[in-house]
Amino acid sequence: MSENQQNEQVQIKQRREKLNALREETIAFPTDFRRDVIASELLANYGDKTKEELEQEPIRVKLAGRLMTRRIMGKASFAHIQDMSGKIQLYVTRDTLPEGFYNSQFKKWDIGDIIGTEGILFKTKVGELSVRIDAIRLLTKALRPLPEKFHGIADQEIKYRQRYLDLIMSEESRKTFVIRSQIVSYIRQFLTERQFMEVETPMMQTIPGGATAKPFETHHNALDMGLYLRVAPELYLKRLVVGGFERVFEVNRNFRNEGLSSRHNPEFTMLEFYQAYAEYDDLMDLTEEMLRGIAINIYDSTQITYQGEVYDFGQSFDRMTVVESILHFNPELSADHLATREAAVKVAEELTIPIKDGYGLGKVQIEIFEKTVEHRLMNPTFITAYPVEVSPLARRNDDDPHVTDRFEFFVGGREIANGFTELNDAEDQAARFRNQVAEKEAGDDEAMHYDADYITALEHGMPPTAGEGIGIDRLVMLFTDAPSIRDVLLFPHMRPKT
RNA sequence: GGGUUGUUAGCUCAGCUGGUAGAGCACCGCACUUUUAAUGCGAUGGUCGAGCGUUCGAAUCGCUCACGACCCA
């Protein structure tokens, strides 16, 4: 403790001394201040008024916020405070405050302190809407200095580890998370308007299902049983469809025990929704409509720019099958090259894709797709007809039993959504689970478990249903022009600091 | 996991082929009643990410480790 104090930097020491002095003479952390307006409201309502208009009819305002800048010029000072909506300038003079307050109090406050203040709106010489202060109080003393005001925080690590500092300092960063919030509420509204009901299903599951991914394991002490953090809510949402909630959705966290990258965080947010009496192409239409709506809602335009490329959600999106897309991006290949396992393996080997013995034709095709197509799908595109063996929960296509009625949606070379007509044939589903279990036993630790309870639910009859998952983080990246998933997560996973 | 690269004052950075550390902002003092990266003058502040090694001497060279960033798998 005393060692800590000794090691404290000079600036923190100075601020601590100021706080101690404050404690001596008054309540150091008062809570009774109330504001009557925020900065953005003032700028919106009075920003266009002239100097004269503001003088004619004086407008009195009470504001609170963090002191961000201060320019002391003898007996008068300019300062900016920042609240949740933005910044506004204060004009503070010695002679409008109580005797001695300006020199003995105001000038001793620090950048970063939180203050409450009151005064009259006016315009400065250069026309900036400001508040002429006649009452001002320190509400919260900040003991640590803020980052340098001009460059801000350049160290990405600090932006992530101390997100509160990033939010204080970076308008852009605040905007990213505001847009994230707007996207999620737009989606909620979009689905609710279409008779979807929002539900919450277990995050801790006895059998982790709904996706092929490695789960996190945990333990329930009282019941002395292992539990998994969910990798997807899918099987629970479909149980609800069996139960008669014919349109449901959930926006919530999934957990996957995999590596970290600019596109992966161990916990991430997924929208899943299920609509009875619909097929996968109904959901493709719905997805187009939703993305178009988000773009218009946020940017008032169907065009968005991501990392220098413009994407247009205004026109209907391209649609092609997995095989068509491989042929499209590999013009040297013909359909025959992908028609048999033997031929496809040869193609994969030429592409230096590692192929395991257990892979069937479909899996080999998907490996080729991921290597040669995925990252090139720039414009909004639906890819359809995914092989059965990589789609254990999707309905088999009636004309081609090797593929499913499934799509994935790509934009900017990234997978954003995955949807399909649900497999509601309990016997087919049981067989698919058995295949997954065989793959698990053969060493694939991402393969699914056999979920007998889910099969029982299907045996009670699930209406024909289509379902879809949309990765919210990646969607937000797209709409905020963020290069890394960490930029759209308030608190991305970081290695513990040593 | 591999490659490239970074870690120096509270923040943003400079510091050459090795000779014991520098700027701007912040902070402190003085001046200043329309500034907005305010300004002018002055002062304070660093076991140079950690450890080991080479050397008379290491922020600088080498090795190991920690934590990041970017690219690849």
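Every chain is numbered from 1, with letters handed out A, B, ... down the list of sequences.
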Nearest to side-chain heavy atoms of A:R161, which nucleotide of B:rC11, B:rC67, B:rU33: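 The nucleotide sitting nearest to the side chain is B:rC67.
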Would you kindly give the [atom1]-to-[atom2] distance between [X] and [N], to the nearest whole Å?
X      : N      : atom1 : atom2 : result
A:R263 : B:rC71 : CZ    : P     : 9 Å
A:Q14  : B:rG45 : CD    : C1'   : 10 Å
A:K108 : B:rA26 : NZ    : P     : 20 Å
A:I72  : B:rC28 : CD1   : P     : 9 Å
A:Y102 : B:rC32 : OH    : P     : 11 Å
A:R71  : B:rU36 : CZ    : C1'   : 4 Å
A:Q89  : B:rU33 : CD    : P     : 17 Å
A:R94  : B:rA31 : CZ    : C1'   : 14 Å

Please confirm whether A:R137 makes a cation-pi placement over A:F106, using NZ or CZ under 6.0 Å from the six-membered ring centre and within 45° of the ring normal.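 No, A:R137 and A:F106 do not form such a contact.
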Under 6.0 Å between ring centres, would you say that holds for A:F491 and A:Y164? no
Residue-phosphate contact under 4.0 Å: A:K107 side-chain N/O, B:rG29 OP1/OP2: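 For B:rG29, OP1/OP2 do not have a side-chain N/O of A:K107 under 4.0 Å.
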Is there a side-chain contact between A:R486 and the phosphate of B:rA69, meaning an N or O under 4.0 Å from OP1 or OP2?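 So the side-chain polar atoms of A:R486 do come within 4.0 Å of the phosphate oxygens OP1 or OP2 of B:rA69, strictly under.
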